[in-house]
Protein chains: 2
Amino acid sequence: MTEKQISILESALELFSSKGFDAVPTSLIAKQAGVSEGLIFRHFKNKQGLLNAIVQMGKEKIAFKIQLITEIVDPQKRIQAIMEIPFSLETDQYPLWRLIYSLKWQQEYSDDEFSRPIKEVLVNSLNELKYFDADAEADLIMSYMDGFASTILLKGEVVNKDKLLHALRKKY
Amino acid sequence: MTEKQISILESALELFSSKGFDAVPTSLIAKQAGVSEGLIFRHFKNKQGLLNAIVQMGKEKIAFKIQLITEIVDPQKRIQAIMEIPFSLETDQYPLWRLIYSLKWQQEYSDDEFSRPIKEVLVNSLNELKYFDADAEADLIMSYMDGFASTILLKGEVVNKDKLLHALRKKY
DNA sequence: TATATTCGTAAGCAATTACTCACTCTTTAG
DNA sequence: CTAAAGAGTGAGTAATTGCTTACGAATATA
């Protein structure tokens, strides 16, 4: 991965996440990255390929987090760790997650490969705990997470994260 | 409001909410509405004006719902009514709300005039109930609502609404 | 050193974009 | 009934879009 490739990815991520994929022309990405527009297509084939590369990064990061969580033996603690994912995101990774969340609302780019592995861990953990309807319960938890993640990502540091986290812990 | 104006608004809403504002050309809207492209600009001035008209509809609908809820005297019941808004949406209004939710993620079109009045009612009600930190508590409830609304709007009828609603009721 | 491959650019291209304009047809008002 | 205003259209237009291509520079490989 060359320095200019990274620069392109960073600029694209920043622009996509703040304005939306379709609202950002490749010319602007190139300008902000300080490279020629053609280079984008050399490295990423097309605009969609550029988005895919960014999304791929997100998938790898989520996979890594989940890998760690899977290793927790106590299912109760495992569920808690899952639920705390939105709170454990670092500020400099907000743009990536904002982009991923915004893509969910667009038919053509929506992709459940982010939520699927998370739900899987939840369902397994809930089954271990002999929950009656593990699948529905997992959906419920995913709903909470979605709400918290949205709030954190959109309001940034304004929101009272401790309060949210405390409420969440109390309930599980 | 002429018949063709309505047709334009309906087509635009459907397309915007499924593909995203920037991904939909006015030519496609006109085609789907069965009118000439020029008519869009006659009635709505520009593409942004078309979006504004749609968003305005959403604001009026939310204002109406809130007006009704404000009239509930018991603050506890008022809060419950607010929280149940996402569950009371009719299927044929999903596109409108999907669009509004998707716009939240785009810097240029984001607009807190949907959440503000809801939070206002919540804060007032929580204060009536002598909550310690009504503002933070309201944010918490808004987070729940966001999560539920996202789940319902994105998964459609697939999701187990009763389970979600039951969980919500139990907690408040 | 020679050569093949990758990195990078500038210019340009066809298609699409939002929007305008000149015009006709329909509706309304006095 | 007449005239003004609004509804509606089709053919444009300038600008922008994603993307290609021809080429030079750098780098790796032999």
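Chain naming here is simple, since letters A, B, ... match the order of the sequence lines and numbering starts at 1 in each.
For the salt bridge (Lys or Arg N to Asp or Glu O under 4.0 Å) condition, the pairs that include at least one residue of residues 95-104 of chain B, sequence neighbours left out, are Lys104(B)-Asp146(B). The stretch residues 25-49 of chain B participates, sequence neighbours left out, in no salt bridge (Lys or Arg N to Asp or Glu O under 4.0 Å) pair at all. Within the structure, salt bridge (Lys or Arg N to Asp or Glu O under 4.0 Å) contacts touching residues 122-132 of chain A (residues at least two apart or in different chains) are Arg78(A)-Glu128(A).
Judged as a ring pair (Phe, Tyr, Trp, His ring centres under 6.0 Å), and not counting sequence neighbours, the contacts of Phe21(B) are Phe16(B), Tyr109(B). With sequence neighbours left out, the ring pair (Phe, Tyr, Trp, His ring centres under 6.0 Å) criterion links Phe87(A) to Phe148(A). Qualifying salt bridge (Lys or Arg N to Asp or Glu O under 4.0 Å) partners for Glu120(B), counting only residues two or more places apart in sequence or in other chains: none. Residues satisfying the salt bridge (Lys or Arg N to Asp or Glu O under 4.0 Å) test with Lys163(B), not counting sequence neighbours, are Glu137(A).
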Output side-chain donor-acceptor pairs under 3.5 Å for residues 51-63 of chain B, partner residues at least two apart or in another chain, one line each.
from	atom 1	to	atom 2	distance (Å)
Asn52(B)	OD1	Gln48(B)	NE2	3.1
Asn52(B)	ND2	Gln48(B)	O	3.4
Gln56(B)	NE2	Glu60(B)	OE2	3.3
Lys59(B)	NZ	Asp111(B)	OD2	2.9

Give every pair of a protein N or O atom and an N or O atom of nucleotides 22-24 of chain C that lie under 3.5 Å apart, one pair per line with the distance.
none

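Close approach of DNA chain D to chain B, defined as any atom under 4.0 Å from a non-hydrogen atom of the protein, starts and stops at dA7(D) to dT9(D).
Taking every heavy atom of residues 10-35 of chain B and every atom of DNA chain C, pairs under 4.0 Å involve Val24(B), Pro25(B), Thr26(B), Ser27(B), by number.
Through chains of ILVMFWY side-chain contacts below 4.5 Å, Leu68(B) is grouped with Phe64(B).
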